[in-house]
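Numbered from 1 within each chain, the chains take letters A, B, ... in sequence-line order.
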Amino acid sequence: MTTVVESVDTTALAVRTQGLGKRYRTKWALRDCAFELPAGRVAALVGANGAGKTTLMSVLAGLLKPDEGTAVTSGRVAFVSQDKPVYRHFSAADMLRMGARLNTVWDQTRAERWLERFEIPLGKACGKLSGGQQAQVAFALAIGSRPTVLMLDEPLANLDPLARREVTAELLTEVEETGMTVLLSTHVVAELGGVADYLLLLAHGRLLAGGDLDELLARHVLYTGPKSDVPPALGTVVEARHRGNQSTFLLELPEDQPRPVVAGQWTERPVTLEDYVLAQLAATRKGIGA
Amino acid sequence: MTVTAVPVQRRDKVGWGDLVWLTWRQHRWSIGGLAVLLGVGAVVCLVVAAVVRNTGRVDMLGVIGVYGLSQLAAMAPMGIGAVIGVFWAAPLVSREYEQKTSVVVWSQDLSPARWTLGKIVLLGVPAVGLAAGFGSSALVLARAVNSTFPPEWQPYQPFQQFVFEASPLVQIGYAAFGFGLGLALSALTRRTIVAMALTLGGFIVARMVVAIGWRPYYQTPVREVWPYGEDSERPYGQLAQDHGLHVDGGYLDAAGREVDFPMVCARTSTDGNSFQKCMADHGVVSHFTDYQPVERAGTFQVIEFFVFAVPAVALLVFAYHWVKRSHRI
């Protein structure tokens, strides 16, 4: 099988993969992964630990060679790995100097602005900065290289709650100003509230679901009512839970049909991202729909 | 802190100047440290050599003395290749992996292949340059010391290990080999300490095996034979005065075959005559000495260079492809 990594010529797509697979010895970390990510989106790559998120990003960043399938990214790609590595003996200013030296496109103003925004001392060796500060240096380096696709692996992992909010806000500002596409991975779904508008859900190295977040959530509904073996409306059961006298169903509604109305003892509520992701992940664990 | 608006910089490619900047910024202490050490050493050698040549005196420099200094200087080149391999090359790739900075540097507009080539050239060339430069200075001092002795008593001779190995050409071979070995092990193990230890061990073993087991046989040794007998002993030290490389020596029988020394003669003989009779009884007819004539020293240095330079190139090519292959498309 041939493996091709090339640039997407259409501006509409930022990333496209087809039948992408990567294995470590005999174990497939990523298998048969196909999706299209439209340009200008902030996509969340969600999955349990070991689902293949880092592998997928490394392949897209060109750091790993896929064993099968194709991965295509448009334009320049910047990747910040989970450890947010920086050269310990370099100062933040040196890291930016390195960015200017090792990139064909470099936006010093944007990179410096990021560091200034998070009050990172420019002259101090990175090894003496806190983990959170090092992460900001790594982000500034990625932002400065003016990527068309910015990939962040667990970007908020070692930031404090306030910094998390600020980083996501700054990221959205950068997206707005530069039109870049962001792909960020996480296993903490709650972090994504109001940030991501596109979802890629990975489980066991395969893509479970993907698409526009609003559309995805609008197609699903959560019903709670008296104990029952069947849901009160037509649709695919993503998750069914029974506790005491109560049953809860997360349904995927049939496409192109009006939203069903349920009455009686059943209550309906919209599905949140967290509901959806957890239900999907739980379903794969139980083997439903696999 | 003020941020002034700098226009977005756009270029065609990452150039060698950028690689020079990166290499110097990352390795300035190890490059600078070794360069200063060897540079100062070389200058001291050259200055002392000039003084010795102009004054003809070697009774300077107190306890160490000019001779002691020249010995130190001649010994130093033995270790340069190892230092370069262990401290320059062995951490080169592994430290990037360990600190995960490989992900950073290789996800800029710089491929791992180009990065590796850059490091090989920008660290390898100074490495062989420093080794060759210091080796030459040590030799200049050795020759200056030699010039104060009559020819037959000169202390530094071409086949003497220190002198042989300090030759710039040989030094280039050692430094390149050390660098190649360190880099290959660094890429292969991805562990700095392991790579450093294996490089040190591998370098010492390779150098010893070549120096002891191979170098004496680069060319077929010249065999000198003379009859065994009371008054026909070859004068002691004659070979040493020829300054050749001793390879082997022993006894021959009438047919010219090598004979083991008959230990029984040493045990049973009571005087010289009975000893010689015993030897003759055991078939000893003549002595022989195998040696490499001093004129061959230059050729041997060229051979020694290739013995190390060829594997060095192979190791560097391997390291280059290993780094390139394990990453990037």
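Contact between B/R11 and A/L102 at its shortest, heavy atoms only, is NH2-N, 4.1 Å. Summarising the geometry of A/P85 relative to B/V104, their closest heavy-atom pair is O-CG2, 3.2 Å, with the distance given to 0.1 Å. Contact record, B/V14 with A/R101: CG1-O, 3.5 Å, taken as the closest heavy-atom pair.
At a 4.5 Å heavy-atom cutoff, A/V80 makes no contact with chain B through either its backbone or its side chain. Only the side chain of B/E96 comes within contact range of chain A, judged by heavy atoms closer than 4.5 Å. A/N103 touches chain B through backbone and side chain together, each having a heavy atom under 4.5 Å away.
The number of heavy atoms from other shown groups lying within 6.0 Å of CD (A/E177) is above 12. The local environment of CZ in B/F318 is crowded, with over 12 non-hydrogen atoms from other residues, nucleotides or ligands closer than 6.0 Å. Crowding of A/Y24 atom OH: a count of heavy atoms from other residues, nucleotides or ligands under 6.0 Å exceeding 12. Around atom CZ of A/R165, no more than 12 heavy atoms belonging to other residues, nucleotides or ligands sit under 6.0 Å away.
With rounding to the nearest 0.5 Å, the separation of NE2 in A/H89 from CZ in B/R28 is 10.0 Å. One finds the CG atom of A/D83 at 10.5 Å from the OG1 atom of B/T101 (value rounded to the nearest 0.5 Å). To the nearest 0.5 Å, atoms CZ (A/R97) and CH2 (B/W21) are separated by 6.5 Å.
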In a table with atom names and distances, give each donor-acceptor pair under 3.5 Å that connects a side chain of residues 138-149 of chain A to protein atoms at least two apart or in another chain.
unit_1, atom_1, unit_2, atom_2, d
A/S145, OG, A/A142, O, 2.9
A/R146, NH1, A/D107, OD2, 2.8
A/T148, OG1, A/S74, O, 2.7
A/T148, OG1, A/R76, N, 2.8
A/T148, OG1, A/R76, O, 2.8

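Residues from residues 25-37 of chain A never place a non-hydrogen atom less than 4.5 Å from a non-hydrogen atom of chain B.
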Dump the intermediate steps for side chain to side chain contact (heavy atoms under 4.5 Å, CB included) on B/V105 and A/Y87, then the final yes or no. CA-CA 10 Å; B/V105 72; A/Y87 285 106; 3.4 Å; yes
Show your working on side chain to side chain contact (heavy atoms under 4.5 Å, CB included) between B/R25 and A/M98 and close with a plain yes or no. CA-CA 9 Å; B/R25 181 62 192 80; A/M98 184 187 84; over 6 Å; no
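Distance alone, capped at 3.5 Å, places no donor-acceptor pair between the B/Q99 side chain and the A/R88 backbone.
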